[in-house]
Enquirer: 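This is the structure I want to talk about, given as structure tokens.
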Amino acid sequence: MLSSTPRNESTSHYESPGISDGSQSMHLMIHLIVKHPTLTTDCSLEKDCTIERSLHPIMKRGFLNTKRAKRSVEIRGPDTPVEPVPIKMKLPIGKVDTTLPEGYVPSEAIVKEYDSSTTVYPDNACICTTLPSRSFGDTLADNPDNWTECLFLGGKQKREIVSTPGFPSPVPRPPQVRHRIGPSRFGIGMFATRNIKMGDLIVSERPLLVSPIAVPPLPLNLPISFEPTLLQIMQARMVEHEKRLENCLGRMLPENRAAFLALHNSHTEDGSGPIFGRIRTNGIGIIEKTKKSDLDAGDYGYTAVFDAISRINHSCAPNAAYGFTMASFSSQLRAIRDIKKDEEIFIAYCSTSEPTAERQASLKPYGFECTCSLCSDPTSDALLAKIKESTLEPSVWSYNRDPKGNIDRTQHSKDWMATIEASGQQGLKEYGTHISMLIAASAGLGRMGEYRKYKEMSEAWYLGRKSSM
Ligand SMILES: C[S@@+](CC[C@H](N)C(=O)[O-])C[C@H]1O[C@@H](n2cnc3c(N)ncnc32)[C@H](O)[C@@H]1O
């Protein structure tokens with residue numbers, strides 16, 4: 001993921017087989033542990049659990065005589081096909097009608113506990129697990145690297161993570177604290193506490209929460225007679241998803257839960273619950289869905305929400321980029337150009353190699369219009385197109401290094417690097433290409449001083465940018 005890779009706002013399509021048909025009657029083992037006035041978890045914190053949702057809600061005495069019940073008695077049972085709607089559905093954004101389908105009754109949780117060391121779960125189970133595993137009574141003082149609450153669909157993801165060589169290795173740390181969180185033009189933001197060089201690690205952090213990028217197409221209690229709209233179905237799916245997420249929040253350490261709930265939420269009017277709304281606002285894609293064909297094997301995309309990294313604001317000319325390391329189960333934020341003390345740190349929430357209109361469209365779900373130096377410059381799209389062309393000219397590669405060693409065409413790349421630097425677009429891959437050209441050219445021309453300079457620059461640039469690929 002990088003400046004050229006979107007943050008993975010959760011509007012992406014969810015393509016998956018249903019994750020639970022609600023028909024299996026799982027043994028109910030409930031440990032209700034009240035940890036927060038409004039949040040409870042249905043399983044012991046040191047255990048993993050799967051959550052099934054019963055399609056048969058518990059009805060209140062007398063409910064069947066009510067007007068609402070008369071409309072909804074024909075509840076879809078477990079044998080009724082799940083609602084015939086596409087599983088690919090865009091999440092709503094902005095102010096939308098949040099009415100739930102008439103007669104829809106939220107399902108009840110059926111929780112089954114597992115030892116936290118297990119990696120074998122029923123197919124398509126919805127799993128709550130803590131990574132790395134946490135023992136009862138463990139506190140942040142015992143483990144400043146922290147723990148992550150995860151909601152996985154199927155056991156594949158956990159199996160892959162825990163079998164990563166070195167997992168769980170310590171979270172890497174910069175030699176000194178290089179960031180602070182504070183007020184910004186855009187609410188809260190992250191700032192540099194000292195001068196930072198391109199490629200330097202700014203901060204590294206384990207997520208508070210990891211969950212699917214999109215809303216699973218959960219089965220719903222819907223009356224057969226009622227034909228809901230797609231938006232109503234999505235609203236009900238979000239209600240079901242929120243309930244699963246509540247379980248994850250209930251398992252968090254109180255400090256982590258407070259940090260999560262303090263994060264910004266730009267999805268307050270589209271039916272996203274308070275947890276899912278914060279995931280949509282602050283989530284950073286960490287695990288890509290690879291191949292469509294692997295969906296049956298539980299190959300889903302996942303997004304992560306962080307305490308500090310989720311406070312970073314967006315710029316189309318970012319000065320930092322992040323990447324995720326599975327062994328330490330943490331994200332690393334690195335500088336993609338030199339950053340001055342007290343400068344605000346920005347990442348890109350969208351691809352920076354797209355023109356302004358496309359970038360603005362990708363940012364819509366975040367609820368703001370970008371006013372960065374590029375978005376407010378009407379000539380920036382033309383410049384971007386020229387930057388892209390600057391590495392395509394075949395003569396640039398072949399003649400930078402003149403076969404006879406007596407022609408210096410390195411000026412082309414030097415000029416383009418200066419142009420890219422002036423517009424703050426060092427995150428573009430073309431910047432790295434020009435550095436590589438200069439390494440080859442200076443070696444060919446026998447200029448060892450320049451060669452070493454560009455080699456060092458290239459290493460730093462790749463370190464920063466690797467975070468985002
Ligand atoms: C991940 S949060 C970033 C931290 C946030 N500013 C806060 O106060 O917690 C994303 C939200 O920050 C705001 N934001 C981020 N970048 C912005 C920008 N370039 N212009 C305006 N608002 C921005 C938007 O409200 C967006 O939904």
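Numbering of ligands and ligand atoms starts at 1, following listing order. Excluded from the calculations below are hydrogen atoms, water molecules and symmetry mates; all remaining heavy atoms, backbone and side chain alike, are included. Owing to the predicted nature of the structure, the values given are computational and were not obtained by experimental measurement.
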Enquirer: Do Ser351 side-chain atoms and Ser353 backbone N/O form a donor-acceptor pair below 3.5 Å?
Expert: yes

Enquirer: Short list, please: which atoms of ligand 1 are under 4.0 Å from a heavy atom of Asn282?
Expert: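 Per the distance check, 1 (C), 2 (S).
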
Enquirer: Report yes or no: does Leu263 have a heavy atom closer than 4.0 Å to ligand 1?
Expert: no

Enquirer: For the side chain of His412 and the backbone of Ser390, is there at least one donor-acceptor N/O pair under 3.5 Å apart?
Expert: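 Confirmed, His412 side chain pairs with Ser390 backbone.
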
Enquirer: Yes or no: does Ser310 have any heavy atom under 4.0 Å from an atom of ligand 1?
Expert: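 Judged by the 4.0 Å heavy-atom criterion, Ser310 does count as contacting ligand 1.
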
Enquirer: With a cut-off of 6.0 Å (strictly less than), are more than 12 heavy atoms of other residues, nucleotides or ligands near CD of Glu369?
Expert: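 No.
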
Enquirer: Could you work out, for atom 16 (N) of ligand 1, the closest of His314, Glu369, Met190 by heavy-atom distance?
Expert: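 It is His314 that holds the nearest heavy atom.
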
Enquirer: Let me know which of Thr129, Asn247, Thr130, Asn256 forms a side-chain hydrogen bond (donor to acceptor under 3.5 Å, both in side chains) with Glu149.
Expert: Thr130

Enquirer: Counting from 1, what ligand 1 atoms have a heavy atom of Tyr366 closer than 4.0 Å?
Expert: 24 (C), 26 (C), 27 (O)

Enquirer: Counting only heavy atoms closer than 4.0 Å, does ligand 1 sit against the backbone of Phe368, its side chain, both, or neither?
Expert: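 Only the side chain of Phe368 comes within reach of ligand 1.
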
Enquirer: Which ligand 1 atoms, with their elements, are less than 4.0 angstrom from a heavy-atom of Gly187?
Expert: 8 (O)

Enquirer: For the pair Thr193 (side chain) and Arg180 (backbone), establish whether a donor and an acceptor sit closer than 3.5 Å, ignoring hydrogens and angles.
Expert: no

Enquirer: Taking heavy atoms and a distance under 4.0 Å, where does Tyr349 meet ligand 1: side chain, backbone, both or neither?
Expert: side chain

Enquirer: Which ligand 1 atoms does His264 reach within 4.0 Å, using its non-hydrogen atoms?
Expert: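 Those qualifying, in numeric order: 7 (C), 9 (O), 11 (C), 25 (O), 27 (O).
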
Enquirer: Between Arg311 and ligand 1, is there a nitrogen or oxygen pair with a distance under 3.5 Å?
Expert: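 Between Arg311 and ligand 1, an N or O pair is found under 3.5 Å apart.
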
Enquirer: Please confirm whether the backbone N or O of Thr391 pairs with a side-chain atom of Glu430, one donor and one acceptor, at under 3.5 Å?
Expert: no

Enquirer: Hey, are the side chains of Ser413 and Met437 touching, using non-hydrogen atoms and a 4.5 Å cut-off?
Expert: yes

Enquirer: Say whether Ser184 and Glu344, considering side chains only, have a donor N or O and an acceptor N or O under 3.5 Å apart.
Expert: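 There is such a pair between these side chains.
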
Enquirer: Among Ile188, Thr371, Ile347, which residue places a heavy atom closest to atom 8 (O) of ligand 1?
Expert: Ile188

Enquirer: Can you tell which part of Ser184 has a heavy atom less than 4.0 Å from ligand 1: side chain, backbone, both or neither?
Expert: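 Contact part for Ser184 vs ligand 1: neither.
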
Enquirer: Any N or O of Thr281 that comes nearer than 3.5 Å to an N or O of ligand 1?
Expert: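 In fact, backbone or side chain, Thr281 has no N or O that close.
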
Enquirer: Going by distance only, is there an N or O of Phe186 that falls short of 3.5 Å from an N or O of ligand 1?
Expert: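 Between Phe186 and ligand 1, an N or O pair is found under 3.5 Å apart.
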
Enquirer: In terms of relative ring orientation, are Phe152 and Tyr302 parallel, tilted or perpendicular, with 30° and 60° separating the classes?
Expert: perpendicular

Enquirer: Hey, does Asn313 come in under 3.5 Å of ligand 1, counting only N/O atoms on both sides?
Expert: yes

Enquirer: Would you call Lys156 and Glu160 a salt bridge, taking side-chain N to carboxylate O under 4.0 Å as the test?
Expert: yes

Enquirer: Go through the side-chain N and O atoms of Gln332 and Ser330 and say whether any donor and acceptor fall under 3.5 Å apart.
Expert: yes

Enquirer: Taking only heavy atoms of Ser266 into account, list the atoms of ligand 1 that are under 4.0 Å away from them.
Expert: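 Contacts of ligand 1 toward Ser266, numbered from 1: 27 (O).
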
Enquirer: Ligand 1 versus Ile312, non-hydrogen atoms closer than 4.0 Å: side chain, backbone, both, neither?
Expert: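 Backbone only; the side chain of Ile312 stays clear of ligand 1.
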
